[in-house]
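Below: the structure, in structure tokens.
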Amino acid sequence: MSNQSDRNRTRAEEVARLRDVLGPRPLPGGKPRPSWKRTLQDILWTHNDRHATKPKVVSAKTQAERACALFRCFRDLHVLGYKIRNPHCLGGRHVRALVADWTSDEPRTRRLSPSTLQNELSALRTFAEWIGKPGLVLPAETYVSDPARVARRTAATTDRSWAARGIDPDALIEEIAAYDAWVGAELRIARAFGLRVKEAVMLQPRLAEKVSGQAAAGSDVPILELETERGTRADGCATFRSIRP
């Protein structure tokens, strides 16, 4: 009995090895089956420009991040032993295996933070809608015994400002500007107007600079404002008034 089991195991391992070498079984008519990567990419080309819940398109950045997340998930499944040939076959047991691996106490390359784990599940949830399996991906808390392990925290628990870390922002910006004048200029304008990184990088000063009709109290100098669209969070126009004298 043991010898028969050993022979069956050896045969299964040999078949699996040959499948990896030869690729998927051909379709009727001799046409080769597409790989899981090809199939996943085809699904992305068809659906990835759509918002998960709203009738609108999403940005190129969102599309790229979603595609990367899905490819990572399927690669993780292959590492875990789930050799999915067709991404349409994604099932609940696969999602459970992924979350168990992402939250495992065992040392691994990709143990995920709660925020990253929630983002990966969000991509899988959207993917499940694309392949006609709504409800396949449950809330992260249902996959773990301790919900705190997957709870995303949006509020900072420590002061992350430069002053709290004993850093002089102006001196540091000047040091950076001596190394790279362009980055130094971006940091100066971000500090003066409170711009986000993307807004500062994509800013076109000659187009965005506006002079307000108002003046600061006790001064005749008009207040400088920036009116910009590129890099803003809401795809609209934002006006930034200098927050420094």
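Sequential numbering from 1 along the given sequence is applied to the chain's residues.
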Using modelled atom types and a 3.5 Å cut-off, is there a donor and acceptor pairing between side-chain atoms of Tyr82 and backbone atoms of Leu90?
no
Just by modelled atom types, is the Arg75 backbone N or O under 3.5 Å from a matching donor or acceptor in the His78 side chain?
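Such a contact is absent between His78 side chain and Arg75 backbone.
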Are [X] and [Y] linked, directly or through other ILVMFWY residues, by side chains that come within less than 4.5 angstrom of each other?
X      : Y      : answer
Val79  : Leu77  : no
Leu112 : Phe74  : yes
Leu98  : Trp130 : yes

Can you sort out the partners of His88 under ring-ring contact (aromatic ring centres under 6.0 Å, His included), two or more places apart, ordered by chain and number?
none
Compare all side-chain heavy atoms of [X] with those of [Y] and state whether any distance is below 4.5 angstrom.
X      : Y      : answer
Cys73  : Phe127 : no
Asp170 : Arg191 : yes
Leu203 : Phe193 : no
Tyr143 : Val150 : no
Glu120 : Leu117 : no

Separation of [Y] [atom2] from [X] [atom1] (nearest 0.5 Å):
X      : Y      : atom1 : atom2 : answer
Leu70  : Thr126 : CG    : OG1   : 8.0 Å
His51  : Ser59  : NE2   : OG    : 9.5 Å
Arg196 : Met202 : CZ    : CE    : 10.5 Å

Could you pull out all residues at least two apart from [X] that satisfy side-chain hydrogen bond (donor to acceptor under 3.5 Å, both in side chains)?
X      : answer
Arg66  : Asn48
Glu129 : none
Ser122 : none
Asp168 : none

Restricting to non-hydrogen atoms, name the atom on [X] and the atom on [Y] that form the minimum distance, rounded to 0.1 Å.
X      : Y      : answer
Gly92  : Leu136 : N-CD1, 3.3 Å
Ala151 : Pro114 : O-CB, 3.3 Å
Ile176 : Gly184 : CG2-N, 4.4 Å
Ala97  : Leu80  : O-CD1, 3.8 Å
Trp36  : Ile84  : CB-O, 3.5 Å

By salt bridge (Lys or Arg N to Asp or Glu O under 4.0 Å), which residues pair with Lys61, not counting sequence neighbours?
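Lys61: salt bridge (Lys or Arg N to Asp or Glu O under 4.0 Å) contacts with Glu65.
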Going by atom type alone, with no hydrogens or angles, which donor-acceptor pairs under 3.5 Å involve a side-chain atom of residues 39-47 and a protein atom two or more places apart or on another chain?
from: Thr39; atom 1: OG1; to: Ser35; atom 2: O; distance (Å): 3.1
from: Thr46; atom 1: OG1; to: Asp42; atom 2: O; distance (Å): 2.9
from: His47; atom 1: ND1; to: Arg50; atom 2: NH1; distance (Å): 3.4

Sequence neighbours excluded, which residues qualify as side-chain contact (heavy atoms from CB on, under 4.5 Å) partners of [X]?
X      : value
Ala60  : none
Pro139 : Glu141, Thr142
Val57  : Asp49
Glu174 : Arg188

Hydrophobic clusters join Ile, Leu, Val, Met, Phe, Trp and Tyr when side-chain heavy atoms are under 4.5 Å apart, directly or via other members; which others share one with Val201?
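Once heavy-atom contacts under 4.5 Å are chained together, Val201 belongs with Val197.
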